[in-house]
Protein chains: 2
Amino acid sequence: MKARRSATTRTAPAPRATINDVATAAGVSRQTVTRAMNEMPGINPATKARVLAAAKRLRYRPSRFGRGLVKPEPRTLGLVVDDLTNPYYPELASAVIGEAAKQSWNVIVAEKVHATDRRTLLLEVAGQVDAVLGYLNDSDGLDQLGDLPCIQFDSPPGSTVGGVELDFAPAMAELVDHLLDRGVRHPVLLDISPPGSLSGRGQCFVDLMREHGFDPPVTQVIDNSMAAGAAGCAEILQDHPEADAIMAFNDIAACGTLKTLRRAGIDVPGQIKVAGFDGLGLGTYLSPELTTLALDVQGVAAAAVGLALGMAAGEIPRSGPKARRRVSYRLVVRESS
Amino acid sequence: MKARRSATTRTAPAPRATINDVATAAGVSRQTVTRAMNEMPGINPATKARVLAAAKRLRYRPSRFGRGLVKPEPRTLGLVVDDLTNPYYPELASAVIGEAAKQSWNVIVAEKVHATDRRTLLLEVAGQVDAVLGYLNDSDGLDQLGDLPCIQFDSPPGSTVGGVELDFAPAMAELVDHLLDRGVRHPVLLDISPPGSLSGRGQCFVDLMREHGFDPPVTQVIDNSMAAGAAGCAEILQDHPEADAIMAFNDIAACGTLKTLRRAGIDVPGQIKVAGFDGLGLGTYLSPELTTLALDVQGVAAAAVGLALGMAAGEIPRSGPKARRRVSYRLVVRESS
DNA sequence: TTGTAGGCGTTATCAT
DNA sequence: ATGATAACGCCTACAA
């Protein structure tokens, strides 16, 4: 029974007990400790009890590193989001965590908003996981990932990693029909500004409206905050007093829009109809509840986790057509339209 | 240069390259590979380049297990929440992740809602982390944690693990004063039902009102959903038509309350004032914006992460007075009161 | 039923 | 500047 490590020097942070410590304390071999800890057969109940008692006394916890080294089963996913404070991301995160949990995988969640350097963030996360998911782009340092499986949300066609593509066109067509059916004649688009051009969804809205003989004016805002949405709506009221529908580029902006309309005493949907994009739960908290194009978040999560786990298992290539999936939006009509 | 493992049998999932593979490929020793990979000094630039090239070619990624075994620095936190779909938790999670990131710790987020068995959930998370944080109670299986550092949110006095206590009394007193100042004479409490008794916050509200000579009636609802809040408010309108203020047990319920009031055509805050509890960002999305008692989520996260990391480092005891912190709420007056 | 021997992938120490 | 050797904590085979 020799002292473990250097005889407890001073106030060192008390090193964790190892399997050897337990074995020594219980007067058995390491192997017997393993058998006792892991509910394995072929061990004398009395011995087992003695070992477990020793383990408890020494506060023994098996090291995940030692174990991981011997049974290298991938079990941890990294999810990178912008900011959990933006209601979109928690819904995605929840769905991803749920899908991962089904396969007993854990999820490390990282937020870009807390990182000083996005490349470093991704690198640090990558070092702790068996696959990465997220709204990632080249500027996040995708190149540093090496062979680590990676799934990009809203993935552009030529991506070098796996991805989930988001298909909103059919749902947008439904929405346009819906608005026109309800008598809309002066639709306006509230878009986010890549100055000079439109967002993909915005362009789609405009194109569809044009097919029906309307040419919606566009107001653009700087960022995706609710305040920006509110300001954008105020601008619309001023520039386009004839407006009878506002299509917002996402639910948050639509939320700001509703706020401005309420303050202006404008009835929704009576005078102006409002539609959002994303399908956040937030939309049901509002009053009137928000009509929106809802992403199938569950579907996105299932696709992404499926791809990631498949890649980690070596069953799906890291990139190329087999590394891609497509998920749709659907029209959810609520009170605001 | 011997073949690694058994010469690539059939379509096995292609084992990851190890440091040995890289060393062999580059014609150097493992140690030199380590030096090259880890930006260590004392290596010939040419050698380094050759090693890095080999590593890239073989898609070598250092194993976190191998590394963790040698440098056993704790680096991963487990955060257990009920459900990220409830807007309270993402705000907490974001704050925790931010605090953890400051110390280069990662956070595994787990949701009870996705677990069939809460004990199993906690056990699985515990196995992957160096400390656990969460709204946990005995029924989650706190006993299985052994010596793993654990911090409980809203921790009850006698807890056997570390904890953060939430102190709302002073802020509640402020709120009561505020309401009375604004002319409230018929306050009503919308509480969640532990049938027969009141929630801590509810009791506090009632007690304070009584000190001022008012005796608020109480309406209780089943769960913490917005729908329940809306229903509770409807009940209040019927049972207490004289009500001129509703204190809801949380922001979600307050949200439902606002909805019912709007539909009933009741002006807020003109006819009835509404206050919530938690201080969610959600409150600012609503219209009118919600007056609320706001928890200092950042403070909670800082306290919890501080305790957890201190425990993991062996500088703070696992339980007892030194394992506890206290964080306050503050009154945030917005439009609804 | 229990113990012995070996190796998982990495880094640190000490030679060379 | 580079390499050899020895851990780290755990599990699986095999031997006793």
- If only side-chain N and O atoms of Asn20(A) are considered, is one of them under 4.0 Å from the OP1 or OP2 phosphate oxygen of dG9(D)? no
- Ser63(B)-Arg16(B) side chain donor-acceptor pair, cut-off 3.5 Å: no
- Query: Using a cut-off of 4.0 Å on non-hydrogen atoms, how would the nucleic acid contact of Arg61(B) be classed: base, sugar-phosphate, or nothing?
  - Reply: sugar-phosphate
- Task: Decide yes or no on side-chain contact (heavy atoms from CB on, under 4.5 Å) for Leu148(A) and Val132(A), but give the supporting numbers first.
- Result: CA-CA 7 Å; Leu148(A) 187 69; Val132(A) 183; 3.3 Å; yes
- Task: Would you mind checking if Arg325(B) and Glu165(B) are paired as a salt bridge, meaning a charged N to carboxylate O distance below 4.0 Å?
- Result: no
- Message: Pair Val22(A), Val51(A) - check side-chain contact (heavy atoms from CB on, under 4.5 Å), show working.
- Response: CA-CA 7 Å; Val22(A) 177; Val51(A) 171; 4.2 Å; yes
- Does Val161(B) offer a backbone N or O that forms a donor-acceptor pair with the side chain of Gln152(B) under 3.5 Å? no
Only distances under 3.5 Å count here; give the side-chain donor-acceptor pairs of residues 71-81 of chain A to other protein atoms, sequence neighbours excluded, each with its distance to 0.1 Å.
unit_1, atom_1, unit_2, atom_2, d
Thr76(A), OG1, Gln128(B), NE2, 3.4

- Rounded to whole Å, CE of Met37(A) lies from P of dC10(D) at a distance of 9 Å
- What is the nucleic acid contact for Thr34(B), judged by heavy atoms within less than 4.0 Å: base, sugar-phosphate only, or nothing? base
- Task: Give me the ring orientation class for Tyr135(A) and Tyr88(A): parallel if the planes are under 30° apart, tilted from 30 to 60°, perpendicular past 60°.
- Result: perpendicular
- Five-pair end axes of the helix from dT1(C)-dA16(D) to dT16(C)-dA1(D), angle between them (10°): 40°
- Query: Is any side-chain nitrogen or oxygen of Ser29(B) closer than 4.0 Å to OP1 or OP2 of dG3(D)?
  - Reply: yes
- Tyr60(A) meets the ring pair (Phe, Tyr, Trp, His ring centres under 6.0 Å) criterion, sequence neighbours left out, with none
- Task: Evaluate side-chain contact (heavy atoms from CB on, under 4.5 Å) for Phe65(A) paired with Val70(B), printing each intermediate quantity in order.
- Result: CA-CA 9 Å; Phe65(A) 298 115; Val70(B) 179; over 6 Å; no
- Rounded to whole Å, CG of Asn38(A) lies from C1' of dC10(D) at a distance of 10 Å
- Could you check how far CD1 of Ile19(A) sits from C1' of dG3(C), rounded to whole Å? 13 Å
- Between Asp83(A) and Lys112(A), is there a salt bridge with N-O shorter than 4.0 Å? no
- Task: Would you jot down, in residue-number order, the residues of residues 39-54 of chain A having a non-hydrogen atom under 4.0 Å from DNA chain C?
- Result: Gly42(A), Ile43(A), Asn44(A), Thr47(A)
When you compare the protein's N or O atoms with those of nucleotides 13-16 of chain C, which come within less than 3.5 Å of each other, and at what distance?
none

- Message: Any residue in residues 67-75 of chain A with a heavy atom nearer than 4.0 angstrom to DNA chain C? Just list them by number, or reply none.
- Response: Leu69(A), Val70(A)
- Task: Return no unless some side-chain N or O of Ser63(B) is found under 4.0 Å from OP1 or OP2 of dT10(C).
- Result: no
- Message: Under 3.5 Å, is there a donor on one side chain and an acceptor on the other for Glu91(A) and Thr85(B)?
- Response: no
